[in-house]
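Worksheet: one structure, shown below.
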Amino acid sequence: MPIATEVLVVGLGAMGSCTLAALARRGVDAIGIDRFAPPHTEGSSHGASRIIREAYYEDPAYVPLVREAYTEWARLAVESGRPLLHQTGGLCYGPPDGVLVQGALTSARAHDVAHELLDAREMTRRFPAHRLPAHYMGVLERRAGWLDPEQCLAAALEVAARHGATVRTHETVLAWEPSAQGVRVTTDVATYEAERVVLSAGMWMGTLVPSLNARLTVQRNVLYWFASAPPVFDATRFPVFLGELAPDLLWYGFPDVGAGVKVAMHQHGPTCTPETVDRTVHEDEIAAMRARLAVWIPEANGPLRRTAVCTYTNTRDGHFVIDTHPASDRCWIVSPCSGHGFKFASAIGARVAALVSGDASAPLPDLFRLDRLDRP
Ligand SMILES: Cc1cc2nc3c(=O)[nH]c(=O)nc-3n(C[C@H](O)[C@H](O)[C@H](O)COP(=O)(O)OP(=O)(O)OC[C@H]3O[C@@H](n4cnc5c(N)ncnc54)[C@H](O)[C@@H]3O)c2cc1C
């Protein structure tokens with residue numbers, strides 16, 4: 001006998017856990033299923049910190065959504081009693097005509113985001129760990145900072161359960177199909193009849209929606225923590241940053257909050273699949289990161305404390321896919337976020353929960369529509 005529910009959420013990473021919490025808060029009968037036990041290190045939502053920022057260089061359309069996300073993270077922090085958001089300020093630096101500085105300024109000006117435009121001399125005075133070319137500029141925003149992804153997922157799942165949602169871990173969804181009641185979902189443990197289903201399976205989306213395989217690319221990315229020389233790496237002198245080292249070469253980093261300075265490249269790893277992702281960090285990769293540190297942040301080039309491998313699920317334009325499935329408007333695709341989705345998860349969860357419940361008062365930006373990826 002299938003287990004009946006109103007909404008089944010498949011995958012409880014950033015997107016699924018926040019969607020489940022938001023559904024449960026609305027009083028929807030919801031079940032969330034994950035093949036592992038989130039928070040875990042197999043997908044895209046681990047590694048101790050995720051940047052949140054408002055002067056969004058990728059597109060001004062994200063600014064209202066990130067503002068909503070700040071509100072939703074604060075709400076989740078209060079409900080769960082967990083520390084989720086740490087506001088350090090955030091610096092986006094690069095050549096004055098580069099994608100980061102131009103993009104951040106465009107969003108800041110379009111949406112009145114409080115910011116300062118700094119030249120290289122002023123950035124070096126305030127943030128002495130950075131060594132920057134004399135012509136570089138930086139956009140500093142005070143509200144930026146970092147979210148603790150493990151705490152965020154734990155908080156969302158706790159709140160979901162407290163409001164009546166069922167969380168099922170170590171259970172893998174094998175298939176789904178439209179049915180008379182809505183959607184029939186088969187796992188390695190049970191069969192479900194759901195009125196609607198949310199697929200938030202991260203890099204595994206292609207196993208559940210094979211037509212996405214041609215539109216999504218899984219990319220391996222590495223996180224590095226280096227022992228630092230305090231105090232230049234505390235949050236006041238080393239806020240979260242994104243830097244443009246060269247055209248199409250972006251990196252980012254976090255202050256030392258105890259585990260070392262964390263740095264990583266953005267959109268800069270080999271393509272892989274969930275099955276082939278290489279979880280080993282190799283000596284040549286570490287050497288390449290050290291070479292960058294030696295030039296750009298030499299005092300962070302200390303002993304390597306830790307590494308982690310994580311995956312981006314990328315679209316070709318770098319924007320998200322959050323839309324209904326072409327074959328069934330009872331099935332929502334909520335996941336592929338091109339390596340910058342975490343900060344939005346609280347707001348995406350709230351909006352998807354509303355839409356799935358028939359409340360269309362806060363739609364998602366057209367930028368996230370699936371059919372845009374079919375256009376040449
Ligand atoms: C290295 C790195 C750095 C990043 N930095 C930032 C940042 O600074 N700021 C930012 O905003 N974003 C950042 N991102 C992006 C952000 O972390 C991701 O967009 C987000 O975490 C993706 O969440 P998700 O829920 O889509 O995927 P995941 O967290 O991977 O969750 C998918 C879940 O689905 C489950 N699942 C899969 N298949 C099945 C199945 N068949 N049955 C049951 N369960 C299944 C998995 O077990 C997993 O728990 C970063 C990403 C990476 C990898």
Side-chain angles (χ1 to χ4, degrees), residues 8-20 31-53 56 58 62 65-66 69 73 90 144-150 152-153 156-157 167-176 185-189 197-209 216 218-224 240-242 250-254 262-269 274 277 307-315 318 320-322 333-349 352:
L8 192 76
V9 179
V10 180
L12 300 174
M15 301 304 154
S17 63
C18 287
T19 303
L20 191 69
I31 298 175
I33 297 179
D34 201 285
R35 63 192 304 163
F36 302 111
H40 59 74
T41 57
E42 303 296 320
S44 306
S45 300
H46 59 281
S49 47
R50 290 290 187 272
I51 292 177
I52 181 165
R53 56 197 157 81
Y56 219 66
E58 290 87 340
Y62 288 90
L65 196 61
V66 80
W73 289 124
W146 57 277
L147 291 154
D148 183 324
E150 283 82 2
C152 290
L153 265 64
L157 293 175
V167 175
R168 298 182 62 131
T169 58
H170 300 295
E171 182 170 345
T172 302
V173 170
L174 303 175
W176 66 275
V185 175
T186 309
T187 75
D188 53 356
V189 174
V197 65
V198 173
L199 302 179
S200 43
M203 69 167 158
W204 293 270
M205 283 300 293
T207 63
L208 299 172
V209 185
L216 301 177
V218 179
Q219 183 187 42
R220 172 182 175 278
N221 281 273
V222 181
L223 304 166
Y224 303 83
V240 298
F241 75 89
L242 261 119
L250 306 186
W251 76 339
Y252 60 94
F254 300 81
K262 178 180 158 189
V263 286
M265 303 307 292
H266 183 50
Q267 301 279 13
H268 188 70
V277 57
T307 56
V309 170
C310 195
T311 47
Y312 286 9
T313 306
N314 293 327
T315 58
F320 306 165
V321 178
I322 305 176
I333 296 165
V334 182
S335 238
C337 284
S338 294
H340 62 112
F342 195 93
K343 63 184 77 60
F344 301 100
S346 60
I348 289 173
V352 169

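One-based numbering, in listed order, for ligands and for the atoms of each. We number each residue from 1, following the sequence as shown. Basis for what follows: all heavy atoms, side chains included, without hydrogens, waters or symmetry-related copies.
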**Complete:** Scanning both residues in full, the closest heavy-atom pair of D34 with L12 reads OD2-N, 2.7 Å
**Message:** Donor-acceptor pair, distance only, cut-off 3.5 Å: does the side chain of E150 make one with the backbone of G47?
**Reply:** yes
**Asked** Taking all non-hydrogen atoms of both residues, which atom of F241 and which atom of I51 are closest, and how far apart?
**Response** O-CD1, 3.7 Å
**Fill in**
Taking only non-hydrogen atoms of L223 and a 4.0 Å limit, the atoms of ligand 1 in range are 1 (C)
**Prompt:** Just by distance, do the side chain of S200 and the backbone of G11 share a donor-acceptor pair under 3.5 Å?
**Reply:** yes
**Asked** Considering only the protein, which heavy-atom contact is closest to atom 44 (N) of ligand 1, and what is its distance?
**Response** R35 N, 3.0 Å
**Complete:** Nearest non-hydrogen contact to atom 9 (N) of ligand 1 from the set V185, L242, I51, V66 belongs to I51
**Prompt:** Between S45 (side chain) and A14 (backbone), is there a donor-acceptor pair under 3.5 Å?
**Reply:** yes
**Atoms in ligand 1 flagged as close to E171, the criterion being non-hydrogen separation under 4.0 Å** = 43 (C)
**Asked** To the nearest 0.1 Å, how far is atom 17 (O) of ligand 1 from its closest protein heavy atom, and which atom is that?
**Response** R50 NE, 2.8 Å
**Atom indices of ligand 1 within 4.0 angstrom of G43 heavy atoms, with elements** = 30 (O)
**Fill in**
dist L65:CG -> I348:CD1 (nearest 0.5 Å) comes out at 5.5 Å
**Message:** Students should be able to answer this: which protein heavy-atom is nearest to atom 42 (N) of ligand 1, and at what distance?
**Reply:** V173 N, 2.9 Å
**Prompt:** Taking both backbone and side-chain atoms of H40, is any N or O found less than 3.5 Å from an N or O belonging to ligand 1?
**Reply:** yes
**Complete:** Within the 4.0 Å heavy-atom cut-off, what W146 brings close to ligand 1 is neither
**Prompt:** Atoms of ligand 1 less than 4.0 Å from G202 heavy atoms?
**Reply:** 26 (O), 27 (O), 32 (C)
**Request:** Could you list which atoms of ligand 1 come closer than 4.0 Å to a heavy atom of F36?
**Result:** 47 (O)
**Asked** Does ligand 1 have a heavy atom under 4.0 Å from the side chain of M15, from its backbone, from both, or from neither?
**Response** both
**Prompt:** What part of S200, side chain, backbone, both or neither, has a heavy atom within less than 4.0 angstrom of ligand 1?
**Reply:** backbone
**Fill in**
Residue set satisfying salt bridge (charged side-chain N to carboxylate O under 4.0 Å, His left out) with R220, at least two apart, ordered chain then number -> E285
**Complete:** Under 4.0 Å from one or more heavy atoms of A14, ligand 1 contributes atoms 21 (O), 23 (O), 25 (O), 29 (O)
**Asked** Do any nitrogen or oxygen atoms of Y312 lie less than 3.5 angstrom from nitrogen or oxygen atoms of ligand 1?
**Response** no
**Pairwise distance OG1(T311) to CD(E42) - rounded to 0.5 angstrom** = 9.5 Å
**Message:** Before you tell me yes or no, could you show the steps for K343 and Y56 under side chain to side chain donor-acceptor pair (under 3.5 Å), namely the whole-Å CA-CA distance, both residues' side-chain angles and the distance that decides it to 0.1 Å?
**Reply:** CA-CA 11 Å; K343 63 184 77 60; Y56 219 66; 2.9 Å; yes
**Nearest protein heavy atom with distance in Å, relative to atom 53 (C) of ligand 1** = C310 SG, 2.5 Å
**Prompt:** Counting only heavy atoms, which portion of F342 has something under 4.0 Å from ligand 1: side chain, backbone, both, or neither?
**Reply:** both
**Asked** When you measure from the side chain of W176 to the backbone N and O of L208, does any donor-acceptor pair fall under 3.5 Å?
**Response** yes
**Message:** If we check side-chain contact (heavy atoms from CB on, under 4.5 Å) with S338, which of these qualifies: Q219, E58, Q267?
**Reply:** Q267
**Asked** For atom 20 (C) of ligand 1, which of C337, G339, S45 has the closest heavy atom?
**Response** S45
**Request:** Go through ligand 1 atom by atom and flag the ones less than 4.0 Å from a non-hydrogen atom of T311.
**Result:** 53 (C)
**Prompt:** For atom 19 (O) of ligand 1, what's the nearest protein heavy atom and its distance?
**Reply:** G341 N, 3.3 Å
**Message:** Quick check for you: to the nearest 0.5 Å, what is the distance between I52 atom CD1 and C152 atom SG?
**Reply:** 9.0 Å
**Request:** Just jot down the ligand 1 atoms closer than 4.0 angstrom to any heavy atom of T172, in number order.
**Result:** 41 (N), 42 (N)
**Request:** Closest by any non-hydrogen atom to atom 49 (O) of ligand 1: pick that one out of L12, T169, T19, D34.
**Result:** D34
**Request:** Give a yes/no verdict on whether any heavy atom in H340 is under 4.0 Å from an atom of ligand 1.
**Result:** yes
**Asked** Out of Y252, F320, Y312, which residue meets the ring pair (Phe, Tyr, Trp, His ring centres under 6.0 Å) rule with H340?
**Response** F320
**Item:** Centroid-centroid distance, W251 to Y224, less than 6.0 Å
**Value:** no
**Asked** Just how far is it from atom CD1 of I33 to atom CG of D188, taken to the nearest 0.5 Å?
**Response** 9.0 Å
**Asked** Any nitrogen or oxygen of V10, main chain or side chain, under 3.5 Å from a nitrogen or oxygen of ligand 1?
**Response** no
**Asked** What about W204: any of its N or O atoms under 3.5 Å from an N or O on ligand 1?
**Response** no
**Complete:** In this structure, atom 30 (O) of ligand 1 is nearest to the protein heavy atom S44 N, 3.0 Å
**Asked** When you measure from the side chain of H46 to the backbone N and O of V309, does any donor-acceptor pair fall under 3.5 Å?
**Response** yes
**Fill in**
heavy-atom search around atom 10 (C) of ligand 1 in the protein gives K343 NZ, 3.3 Å
**Prompt:** Any idea which protein heavy atom is nearest atom 26 (O) of ligand 1, and the distance to it?
**Reply:** S335 OG, 2.8 Å
